[in-house]
Chemist: 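Structure provided below as structure tokens; questions to follow.
Any value given below was found using the heavy atoms of this structure, including those in side chains, with hydrogens, waters and symmetry copies removed.
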Amino acid sequence: MTAVLHDAVSLRAVYGAFPTGVTAIAALVDGEPVGLAASSFTTVSLAPPLVSVCVAHTSGTWPVLRRAGRLGVSVLGVDQGALCRRLAGPAGERFAGASWQADEDGAVLLDGAAAWFTCSVDDEIRAGDHDIVVLRVHDLRLDRDVDPLVFHASSFRSLLPRPQEPR
């Protein structure tokens with residue numbers, strides 16, 4: 001197969017064929033919650049425990065957030081689509097109406113998430129128009145009663161089966 005370069009719109013459409021979970025990366029910075037939404041989260045290693053997230057070079061939030069000693073990664077729950085959109089919006093409105101907790105190290109973890117990680121930056125790797133941020137996991141929790149939010153084809157989805165239409 002011959003490689004063909006495509007425009008950003010085509011790339012986004014094809015990349016969107018791969019469903020991903022959605023995370024919030026957040027911490028207290030100067031006493032205030034700072035965070036962003038990321039669907040590029042993935043596990044990296046069991047030993048040592050590492051995860052990664054990709055952050056655009058154009059992000060104004062990441063340079064602020066990376067100053068924090070600890071970062072909270074919340075795997076958003078199926079009912080948190082509106083919160084995810086806020087986290088991707090204007091910085092001053094991202095935590096409006098959100099319920100969250102900060103641990104003693106300043107990692108912000110969102111209530112209602114499916115899972116939580118407390119991490120620190122282990123490495124950053126420049127890759128195209130993003131940085132791959134490798135995070136070392138220090139603590140984690142899971143809520144088996146919360147289904148994760150899934151992003152697919154530019155829409156939020158659930159892992160639950162769709163109700164069948166009557167025939």
Chemist: Hey, what do you get for OG1 (T23) to CG (L36), rounding to the nearest 0.5 Å?
Modeler: 8.0 Å
Chemist: Could you list the residues that satisfy side-chain contact (heavy atoms from CB on, under 4.5 Å) with D105, not counting sequence neighbours?
Modeler: R70, D103
Chemist: Hey, does the side chain of Q80 reach the backbone of D111 with a donor-acceptor pair shorter than 3.5 angstrom?
Modeler: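 At least one qualifying donor-acceptor pair exists.
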Chemist: Hydrogens and angles aside, do E124 and W62 bring a side-chain donor and acceptor to less than 3.5 Å of each other?
Modeler: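 The criterion, which ignores hydrogens and geometry beyond distance, is satisfied for W62 and E124.
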Chemist: Could I get the full list of side-chain contact (heavy atoms from CB on, under 4.5 Å) partners for D139, not counting sequence neighbours?
Modeler: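 D139: side-chain contact (heavy atoms from CB on, under 4.5 Å) contacts with T118.
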Chemist: Where the side chain of E93 meets the backbone of P90, is there a donor-acceptor pair that is under 3.5 Å apart?
Modeler: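 It does not hold such a pair.
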Chemist: My understanding is that only residues two or more places apart in sequence, or in another chain, count here; which of them pass side-chain contact (heavy atoms from CB on, under 4.5 Å) with R126?
Modeler: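 By the side-chain contact (heavy atoms from CB on, under 4.5 Å) rule, R126 matches H57, D131.
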Chemist: Where do L71 and A68 come nearest, in terms of heavy atoms and distance?
Modeler: CD2-CB, 4.1 Å
Chemist: Distance-only check: which donor-acceptor pairs under 3.5 Å involve side-chain atoms of residues 43-56, not counting sequence neighbours?
Modeler:
{"unit_1": "S45", "atom_1": "OG", "unit_2": "A47", "atom_2": "N", "d": "3.3"}
{"unit_1": "S45", "atom_1": "OG", "unit_2": "A47", "atom_2": "O", "d": "3.4"}
{"unit_1": "S45", "atom_1": "OG", "unit_2": "P48", "atom_2": "O", "d": "2.7"}

Chemist: Where the side chain of S74 meets the backbone of L76, is there a donor-acceptor pair that is under 3.5 Å apart?
Modeler: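 A pair under 3.5 Å: no.
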Chemist: What closest approach, in Å, do L109 and V73 show between heavy atoms, and which atom pair accounts for it?
Modeler: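 Looking at all heavy atoms of both residues, the shortest contact is CD2-N, 4.0 Å.
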Chemist: Supply the atom-to-atom distance L110 CG to S99 OG, rounded to the nearest 0.5 angstrom.
Modeler: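 The OG atom of S99 is 8.5 Å from CG of L110, to the nearest 0.5 Å.
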Chemist: If I take atom CZ from residue R85 and atom CZ from residue R94, how far apart are they, to the nearest 0.5 angstrom?
Modeler: 14.5 Å
Chemist: At what distance, to the nearest 0.5 angstrom, does SG of C119 lie from CZ of R136?
Modeler: 10.5 Å
Chemist: Less than 4.5 Å apart, side chain to side chain, heavy atoms only: is that true for F95 and L83?
Modeler: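 Answer no - side chains too far apart.
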Chemist: Please report, to 0.1 Å, the donor-acceptor pairs under 3.5 Å made by any side chain of residues 24-34, with sequence neighbours excluded.
Modeler:
{"unit_1": "D30", "atom_1": "OD2", "unit_2": "R67", "atom_2": "NH2", "d": "3.2"}

Chemist: Could you tell me how the ring of F41 sits relative to the ring of F117: parallel (under 30°), tilted (30 to 60°) or perpendicular (over 60°)?
Modeler: tilted
Chemist: Please name all residues satisfying side-chain hydrogen bond (donor to acceptor under 3.5 Å, both in side chains) with T58, sequence neighbours left out, ordered by chain then number.
Modeler: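 T58 satisfies side-chain hydrogen bond (donor to acceptor under 3.5 Å, both in side chains) with no other residue.
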